[in-house]
Asks: 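Submitted below is the structure of interest, expressed as structure tokens.
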Amino acid sequence: MPPPPPHEKKIYLKHVLVIGQTKGFEHNSVSAAMAAVYDMGHESGLWDTMLRTDTELLTKKDLQRNTKNLNYFDAVVFASTTGEQDLDASQKQDFLSFIKEDGKGFVGIHAALDTNFTWPEYGEMIGGYFDQHPWMTFNAPIINEDQEFPAVRHFPKAFVKYDEIYQPKDWSRSNVNVLLSLDSSKLNYENKPNIHRTDHDFAVAWSKMYGKGRVFYSTLGHTEEAWDDPDIRKMYFEAIKWSLGMTEGSTTSHGRPAAPSH
């Protein structure tokens, strides 16, 4: 008997590039995050994924050698990148125009806020920079501020996740749509000299536009275990779908919600 025909390859609609270059702190969860994005695309058939720990493909130049460049991809994910990435001036320009002018997507995972500090346009694009994590990894009390947004609608209005929450600087509610934030009434402020936000406003996830492009960032995903959490996987799955233009969700900024009553 002839062998059975091979399974048909799933149709991938989009192309996603995941960058996991670390030039500073090395998160153990980088591999888990990169694998999760790959698996989500493969299992859903919505996108194929290229995983890289270098930045060679962050360019619009023709690289030859069957090498893809930004013109091929529909979204870029930074998986806990740290430090100053290996990007020359033309790569930086190409990367920003990929989002701003071409209307492609960007998703930043956790330490994507802890990278490219000497490149202010990057901070403007993603929405801020890392400025300590006052509580380290803890049971974070989180408020869902936009229960209509596809990446967070599966979360209840208030919930707890064991993760490391970054304190962002050069960040303002007026520039982003805060999706998740810490419940400031449930936080410990004793002996925390590295709390620099006097308003105690700590975003956990946000969406924003950068020109024509859609940008999503969340501090969740610090631990390897986070990537076994179906809630976290679903958040990033839906965030990537949204960044690719497959779903709709608000990027309109809003004021800080009133403190919940306990």
Side-chain angles (χ1 to χ4, degrees), residues 18-20 22 24-30 32-34 36-37 77-83 106-117 122-146 149 151-152 154-155 158-173 175-184 186-188 192 194-197 199-208 215-229 231-240 242-243 249 251 253 256:
V18 183
I19 302 292
T22 52
F25 185 85
E26 304 260 353
H27 281 83
N28 294 333
S29 57
V30 170
M34 295 177 83
V37 177
V77 177
F78 277 12
S80 283
T81 50
T82 53
F106 177 82
V107 172
I109 296 172
H110 191 59
L113 224 59
D114 188 23
T115 193
N116 298 320
F117 286 95
Y122 174 82
E124 179 192 349
M125 181 278 292
I126 195 172
Y129 281 114
F130 166 76
D131 180 25
Q132 304 296 316
H133 33 64
W135 300 274
M136 302 299 286
T137 307
F138 75 123
N139 283 314
I142 297 172
I143 297 170
N144 186 346
E145 295 192 20
D146 185 352
F149 195 88
V152 299
H154 60 289
F155 287 120
F159 60 100
V160 172
K161 285 294 179 191
Y162 183 73
D163 216 316
E164 184 181 78
I165 310 301
Y166 281 1
Q167 170 180 240
K169 65 178 179 180
D170 303 331
W171 170 82
S172 168
R173 276 185 176 265
N175 298 328
V176 304
N177 174 33
V178 175
L179 303 172
L180 304 175
S181 62
L182 289 182
D183 182 345
S184 60
K186 294 183 175 180
L187 297 174
N188 170 25
K192 298 276 187 268
N194 55 357
I195 293 177
H196 301 142
R197 287 197 71 90
D199 61 1
H200 295 166
D201 192 6
F202 306 100
V204 173
W206 64 71
S207 62
K208 68 188 291 287
V215 174
F216 174 93
Y217 169 76
S218 177
T219 183
L220 297 173
H222 165 78
T223 67
E224 286 182 272
E225 293 74 24
W227 295 98
D228 294 324
D229 181 339
D231 285 344
I232 303 302
R233 291 177 74 98
K234 183 170 178 61
M235 180 184 74
Y236 281 112
F237 176 64
E238 294 294 340
I240 294 169
W242 172 79
S243 80
T251 56
S253 63
R256 191 174 180 182

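What you see below is based on every heavy atom in this structure, not just the backbone, and it leaves out hydrogens, waters and symmetry mates.
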Asks: Just wondering, do D201 and S184 contact through their side chains at under 4.5 Å, heavy atoms?
Replies: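 Contact flag for S184/D201 side chains = no.
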Asks: Which atom pair, heavy atoms only, marks the closest approach of A112 to G108?
Replies: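 So the two residues come closest at CB-CA, 3.6 Å.
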Asks: Quick one: does any side-chain atom of W206 pair with a main-chain N or O of Y217 as donor and acceptor, under 3.5 Å?
Replies: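 It does not hold such a pair.
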Asks: Could you state the interatomic distance from CD (Q167) to CG (L182), rounded to the nearest 0.5 Å?
Replies: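 Q167 atom CD to L182 atom CG measures 10.0 Å (nearest 0.5 Å).
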Asks: If you take all heavy atoms of I232 and A226, which pair is closest and at what distance?
Replies: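 Looking at all heavy atoms of both residues, the closest pair is CB-O, 3.4 Å.
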Asks: On a heavy-atom basis, which atom in G24 and which in T82 lie closest, and how many Å separate them?
Replies: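 In this case the closest contact between G24 and T82 is N-OG1, 3.0 Å.
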Asks: Less than 4.5 Å apart, side chain to side chain, heavy atoms only: is that true for I240 and F216?
Replies: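 I240 does not reach F216 side chain to side chain.
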Asks: Measure the spacing between CG of L180 and CG of L220 and express it to the nearest 0.5 Å.
Replies: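 Going from CG on L180 over to CG on L220, the span is 6.5 Å.
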Asks: Going from CG on D170 to CG on L113, what distance comes out if it is rounded to the nearest 0.5 angstrom?
Replies: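 It is 9.5 Å, given to the nearest 0.5 Å.
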Asks: Looking only at heavy atoms, what is the nearest atom pair of A239 and V107, with distance?
Replies: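 Between these two residues, the closest heavy atoms are O-CG2, 4.0 Å.
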Asks: Residues in side-chain hydrogen bond (donor to acceptor under 3.5 Å, both in side chains) with E26, at least two apart?
Replies: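 E26: side-chain hydrogen bond (donor to acceptor under 3.5 Å, both in side chains) contacts with T22.
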Asks: Does the T251 side chain pair with the main chain of K208, one donor and one acceptor, at a distance under 3.5 Å?
Replies: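 No: the side chain of T251 does not pair with the backbone of K208.
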Asks: Applying side-chain hydrogen bond (donor to acceptor under 3.5 Å, both in side chains), can you list everything that pairs with K161, at least two apart in sequence or on another chain?
Replies: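 Here the qualifying residues are D229, D231.
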Asks: Can you tell me if N144 uses its side chain to pair, donor with acceptor, with the backbone of F155 under 3.5 Å?
Replies: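 Yes; at least one donor-acceptor contact below 3.5 Å.
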Asks: Is N175 reaching over with its side chain to a backbone N or O of G127, donor-acceptor style, under 3.5 angstrom?
Replies: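 No: the side chain of N175 does not pair with the backbone of G127.
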Asks: State which residues pass side-chain contact (heavy atoms from CB on, under 4.5 Å) with E225; sequence neighbours excluded, sorted by chain then number.
Replies: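 Here the qualifying residues are T223.
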Asks: Just to verify, what does K234 make a salt bridge (charged side-chain N to carboxylate O under 4.0 Å, His left out) with, not counting sequence neighbours?
Replies: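 Result, salt bridge (charged side-chain N to carboxylate O under 4.0 Å, His left out) vs K234: E238.
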Asks: What's the spacing between L179 CG and D146 CG if we round to 0.5 Å?
Replies: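 Spacing of CG (L179) from CG (D146) equals 5.5 Å.
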Asks: State whether the side chain of S243 and the backbone N or O of V215 hold a donor-acceptor pair below 3.5 Å, judged by distance alone.
Replies: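 Absent.
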Asks: If we count only N and O atoms by modelled type, under 3.5 Å, do the side chains of E164 and H110 hold a donor and an acceptor together?
Replies: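 Yes, because at least one side-chain N or O of E164 sits under 3.5 Å from a partner of the opposite role on H110.
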Asks: Can you name the nearest heavy-atom pair linking A79 to A33, along with the distance?
Replies: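 Of all heavy-atom pairs spanning A79 and A33, the closest is CB-CB, 4.2 Å.
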Asks: Under the rule for ring-ring contact (aromatic ring centres under 6.0 Å, His included), what residues qualify as partners of F78, not counting sequence neighbours?
Replies: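 F78 satisfies ring-ring contact (aromatic ring centres under 6.0 Å, His included) with F95, F106, Y122 only.
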Asks: Take V178 and R256 through the test side-chain contact (heavy atoms from CB on, under 4.5 Å) and record every step on the way to the result.
Replies: CA-CA 9 Å; V178 175; R256 191 174 180 182; over 6 Å; no
Asks: Would you compute the distance between atom CG of D163 and atom CE of M136 and round it to the nearest 0.5 angstrom?
Replies: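 Going from CG on D163 over to CE on M136, the span is 12.5 Å.
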Asks: Where do E145 and S181 land on the side chain to side chain donor-acceptor pair (under 3.5 Å) test, with the steps shown first?
Replies: CA-CA 7 Å; E145 295 192 20; S181 62; 2.6 Å; yes
Asks: Mind listing the closest non-hydrogen atom pair of A203 and W171 along with its distance?
Replies: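 The answer is CB-CZ2, 3.3 Å.
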Asks: Enter the distance from M34:CE to I109:CD1 here, rounded to the nearest 0.5 Å.
Replies: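 So the CE of M34 and the CD1 of I109 are separated by 9.5 Å.
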Asks: Between H154 and M235, is there a side-chain heavy-atom distance shorter than 4.5 Å?
Replies: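 Touching, per the 4.5 Å side-chain cut-off.
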Asks: Could you pull out all residues at least two apart from K169 that satisfy side-chain contact (heavy atoms from CB on, under 4.5 Å)?
Replies: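 Listed in chain order: F117, Y129, D131.
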Asks: Can you find a heavy atom in the side chain of V204 that is under 4.5 Å from one in the side chain of I165?
Replies: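 SC-SC contact between V204 and I165 confirmed.
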Asks: Verify, without hydrogens or angle tests, whether S29 (side chain) and H222 (backbone) share a donor-acceptor contact under 3.5 angstrom.
Replies: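 Yes, S29 side chain to H222 backbone: donor-acceptor pair under 3.5 Å.
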Asks: Give a yes or no answer on whether the side chain of Y236 reaches the backbone of S218 with a donor-acceptor pair at less than 3.5 Å.
Replies: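 At least one qualifying donor-acceptor pair exists.
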Asks: Counting N and O atoms only, with roles assigned by atom type, does the side chain of W242 sit under 3.5 Å from a partner on the main chain of F149, one being a donor and the other an acceptor?
Replies: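 No, because the side chain of W242 does not come within donor-acceptor range (under 3.5 Å) of the backbone of F149.
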Asks: How about S253 and N177: do any of their side-chain heavy atoms sit closer than 4.5 Å?
Replies: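 A side-chain contact under 4.5 Å is absent here.
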